[in-house]
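Remarks on the structure that follows.
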There are 2 protein chains.
Amino acid sequence: MHFRLIGNVLGALILFVGLAMLLPLGVSLIYAEGDAKALLISLSITTLSGLILYGLTRGSTKEIGNKDGFAIVALGWICACLFGSLPYLFSGSLGSFVDCYFESASGFTTTGATVITFIERLPHGILFWRSLTHWLGGMGIILLSLAILPFLGIGGMQLYKAEVPGPVVDKLAPRVRETARTLWKVYVGLSALEATFLLMGGMGWFEALCHTFGTMATGGFSTKSTSIGFYRSAYFEIVIIFFMLVAGANFSLHYQFLKGKFSVFWRSAEFRFYMMVIMICITLVTINLRLDFHYNLSESLRYASFQVSSIVTTTGYTTADFGSWPSFSQYLLLILMFVGGCAGSTGGSIKCLRNLLLLKQGYRELYRHIHPRAVVPIKLGGKVVPPGVMESIWGFFLLYIFFFVAASIIMAILGLDLVSAIASVAASLGNIGPGLGLVGPANNYAHIPFIGKWVLVFCMLLGRLEIYTVIILLVPEFWRK
Amino acid sequence: MHFRLIGNVLGALILFVGLAMLLPLGVSLIYAEGDAKALLISLSITTLSGLILYGLTRGSTKEIGNKDGFAIVALGWICACLFGSLPYLFSGSLGSFVDCYFESASGFTTTGATVITFIERLPHGILFWRSLTHWLGGMGIILLSLAILPFLGIGGMQLYKAEVPGPVVDKLAPRVRETARTLWKVYVGLSALEATFLLMGGMGWFEALCHTFGTMATGGFSTKSTSIGFYRSAYFEIVIIFFMLVAGANFSLHYQFLKGKFSVFWRSAEFRFYMMVIMICITLVTINLRLDFHYNLSESLRYASFQVSSIVTTTGYTTADFGSWPSFSQYLLLILMFVGGCAGSTGGSIKCLRNLLLLKQGYRELYRHIHPRAVVPIKLGGKVVPPGVMESIWGFFLLYIFFFVAASIIMAILGLDLVSAIASVAASLGNIGPGLGLVGPANNYAHIPFIGKWVLVFCMLLGRLEIYTVIILLVPEFWRK
């Protein structure tokens with residue numbers, strides 16, 4: 001472990017978070033609702049802390065090692081969430097520190113779960129910061145999942161190299177910057193495109209930006225209490241569905257597509273699986289809503305398309321209170337919370353790639369019991385998946401289920417009913433946002449007990465950082481020389 | 001596939017089921033409640049069908065192969081359930097054929113879920129048959145899990161050979177009979193012991209036998225609507241807890257113990273895990289009931305001990321309506337439905353052995369991310385678990401979760417609320433019996449829609465026969481030459 005080096009990177013990161021506060025500061029000056037002071041204080045504290053840490057730890061000439069990578073990723077997100085909570089704290093928008101940290105973590109982890117009941121009462125500067133944390137978090141995730149995790153060998157993430165020969169590095173430090181630059185261009189470009197579409201539809205620039213941030217990061221914070229449902233606009237829903245699906249797909253594919261390889265989406269086994277899951281589930285929910293709910297066919301299709309896309313991509317925007325839908329639709333959405341977007345997207349949860357490979361292994365084991373002596377490798381896109389990668393995916397899946405069960409048990413201890421306990425953890429661990437029951441789309445997380453909020457914050461970080469990265473810091477073995 | 005041979009074994013099995021009906025026939029003659037005729041007809045049809053099939057397929061000199069083994073196991077249980085449903089059908093005790101088959105399958109799979117609301121109204125002969133199906137099913141399971149499944153390489157079952165060098169065969173046909181004879185002696189002996197204890201406590205011989213059948217098979221059918229809670233007797237509860245725990249432990253261990261190796265329980269990693277899970281969960285539920293429910297400390301401990309033991313061993317007897325307990329206790333019991341007894345017991349579900357190895361792999365993967373180049377084998381009781389066995393366990397776990405999700409989705413489509421949909425499938429797949437919500441201990445499965453009952457029957461068979469055995473018959477590959 002090179003503590004000096006870790007401190008240096010963290011210092012730079014905190015400085016960056018601080019400088020990002022200039023944007024909401026600008027917004028708050030335009031709207032002049034009295035939140036500028038809070039943002040200025042937050043900005044000063046954050047940039048100064050970043051500068052001091054950066055300055056004190058300068059001059060490390062060490063290479064970033066494996067362990068340093070884990071520490072930087074986990075501590076980086078924890079620090080970003082901490083400093084990101086300052087604007088809420090100083091503006092008095094939220095009651096307690098835990099609420100501020102919850103909202104900030106929900107932002108940076110692109111979850112979108114909120115403790116704010118009356119969103120429209122918050123000043124514009126604070127709301128802009130709230131949505132911006134999504135977008136920054138999404139930016140971090142692209143870097144993390146396409147450049148850092150494959151290097152650390154986390155849960156099958158190294159498969160990109162086989163699946164998508166995109167801009168993926170083989171060594172951590174030297175080419176991270178280059179990968180980041182390329183992919184962020186795609187991210188910024190797609191964001192600009194979405195904002196333009198929303199503006200063209202007549203959405204104000206403030207709301208268009210905030211909803212773009214929430215979409216592209218698969219976050220889900222809205223500037224309206226009733227989320228996208230507020231607009232009652234098919235146009236906005238179609239635009240947002242499209243960009244949610246884009247944000248939930250592997251950014252390497254977008255990069256390849258822009259390079260002119262138009263068949264790249266169709267050739268990706270994971271992308272096909274992702275679209276197939278979405279199409280099937282939209283169909284099922286549409287039928288269920290049409291038959292067992294008061295929607296007509298076009299309403300059923302419209303609400304089903306939006307909600308399925310929103311949950312699979314782990315965005316969490318809503319156009320209807322799906323908590324009042326028939327139990328089949330609710331249950332299907334709950335299960336989709338465990339599917340998630342593609343690997344290399346801003347989407348969270350277990351991810352399509354892993355689910356696909358797990359299903360393949362399940363079938364493979366069946367086959368092996370028929371032909372005990374046959375050697376049947378698991379393939380993805382025609383290439384054999386190495387056993388070590390499969391084991392890593394198994395490990396990930398198991399830890400995911402383990403933490404889901406453990407955290408939901410704690411939520412039940414705190415007195416939540418079964419459905420709310422299960423859904424709150426599924427929605428936090430999968431970085432979705434709204435769950436079911438008491439944390440459904442018609443409610444929020446404000447009423448969750450103090451300890452429960454910290455548990456869910458931990459789940460958001462666990463899920464967002466692919467579990468290993470957070471939990472590995474808690475294993476004593478990690479700290480041994 | 002040797003169809004003649006399969007038919008021959010099935011014929012013998014059906015004949016055996018038919019002859020077993022002599023016992024309830026005797027009971028019905030003693031009580032003279034008008035069910036003797038129905039039992040006699042059932043007995044005649046069953047024995048005759050068995051004899052004819054046996055006679056027609058005589059003279060096969062082939063060895064039993066892998067595929068034949070799968071077909072015999074799956075078809076054997078399906079046939080037993082079918083002929084076992086005749087007494088319900090002919091006595092008019094149950095309304096429809098699906099109800100009769102459900103009750104019979106619930107018996108032979110040692111699940112204990114019932115569609116009967118007023119159990120006390122049924123004649124004694126029918127009730128005796130109902131409980132006897134448990135006991136016969138339990139006998140079949142011991143044979144299956146200790147002699148047949150290891151041979152077929154199902155989901156880690158071959159681990160006995162490493163873990164318990166007991167009376168386990170290496171080849172299917174020749175020594176199955178010997179293994180069966182030895183283990184059944186243990187099974188019969190333990191059953192006799194429990195019945196004696198229950199009789200000593202003042203239970204009538206009929207109820208003592210029925211409850212012994214339900215306990216030793218980890219079944220859960222009672223002769224009372226309120227299950228063991230009817231007796232309000234701490235003595236009966238202690239006896240039944242003890243024998244539930246015995247029935248949920250590996251029968252190879254009992255065999256070894258009786259041979260004088262008294263340390264065998266303590267030396268088994270799986271048994272230690274099993275007892276640890278039970279102890280921890282009893283403590284947690286006791287605390288939860290004491291703090292958040294109206295029980296005093298001794299009541300809390302008493303009800304928690306019984307219910308946790310009953311669910312972990314997958315028996316399903318109840319002494320209280322745990323559906324009204326605080327949500328934490330309910331949720332913990334729901335999760336325990338996925339733990340199950342030890343491998344090689346009459347208990348169902350995923351089983352302690354597999355859960356233990358899965359947790360070990362989860363931790364191993366964490367360790368591997370810290371030391372990427374280290375080779376860390378997974379060990380059980382000091383011995384390395386071969387990678388192929390781990391893959392088989394993974395496959396089992398995945399298929400278990402897959403069928404759980406798929407079946408509970410169907411239950412939700414049929415209109416069950418979320419908790420009931422989840423719990424009904426968890427309780428059927430894990431061969432427990434009572435679930436939560438509308439299928440909780442205060443209710444039963446009578447109100448489940450027609451299709452739902454067949455889905456749950458399928459789940460009971462899937463769970464009982466370790467998934468592979470049933471599902472493999474549905475894979476087209478299985479039927480190719």
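Leu366(A) touches chain B through backbone and side chain together, each having a heavy atom under 4.5 Å away. For chain A, the nearby parts of Ile472(B) are the backbone and the side chain; heavy atoms of each come within less than 4.5 Å. Proximity to chain A (any heavy atom under 4.5 Å) is shown, for Ile410(B), by neither the backbone nor the side chain. Looking at Leu416(B), the atoms closer than 4.5 Å to chain A (heavy atoms on both sides) all sit in the backbone: N, CA, C or O. Of the two parts of Leu399(B), only the side chain, counted from C-beta on, holds a non-hydrogen atom closer than 4.5 Å to a non-hydrogen atom of chain A. With a 4.5 Å cut-off on non-hydrogen atoms, Phe338(B) does not touch chain A at all. With a 4.5 angstrom heavy-atom cutoff, Leu334(A) touches chain B only via side-chain atoms.
Atoms CH2 and CG, from Trp394(A) and Leu398(B) in turn, are 4.5 Å apart once rounded to the nearest 0.5 Å. Atom CD1 of residue Ile409(A) and atom OG of residue Ser327(B) lie 11.5 Å apart, to the nearest 0.5 angstrom. In this structure, the separation between CG on Leu358(A) and CZ on Phe402(B) is 12.0 Å, given to the nearest 0.5 Å.
Using a 4.5 Å heavy-atom threshold, the side chains of Asn288(A) and Ile413(B) count as separate. Here the side chains of Met390(B) and Glu391(A) are not in contact, with every heavy-atom distance at 4.5 Å or above.
Applying the side-chain hydrogen bond (donor to acceptor under 3.5 Å, both in side chains) test to pairs two or more places apart or on separate chains, those with a residue in residues 330-339 of chain B are Ser408(A)-Tyr331(B).
Residues of residues 419-426 of chain B that come within less than 4.5 angstrom of chain A, heavy atom to heavy atom, are Val419(B), Ile422(B) in numerical order.
Shown here is Ile451(A), whose CD1 atom has no more than 12 heavy atoms of other residues, nucleotides or ligands within 6.0 Å.
Ring geometry, Phe397(A) versus Phe397(B): the interplanar angle exceeds 60°, so the pair is classed perpendicular (tilted spans 30 to 60°).
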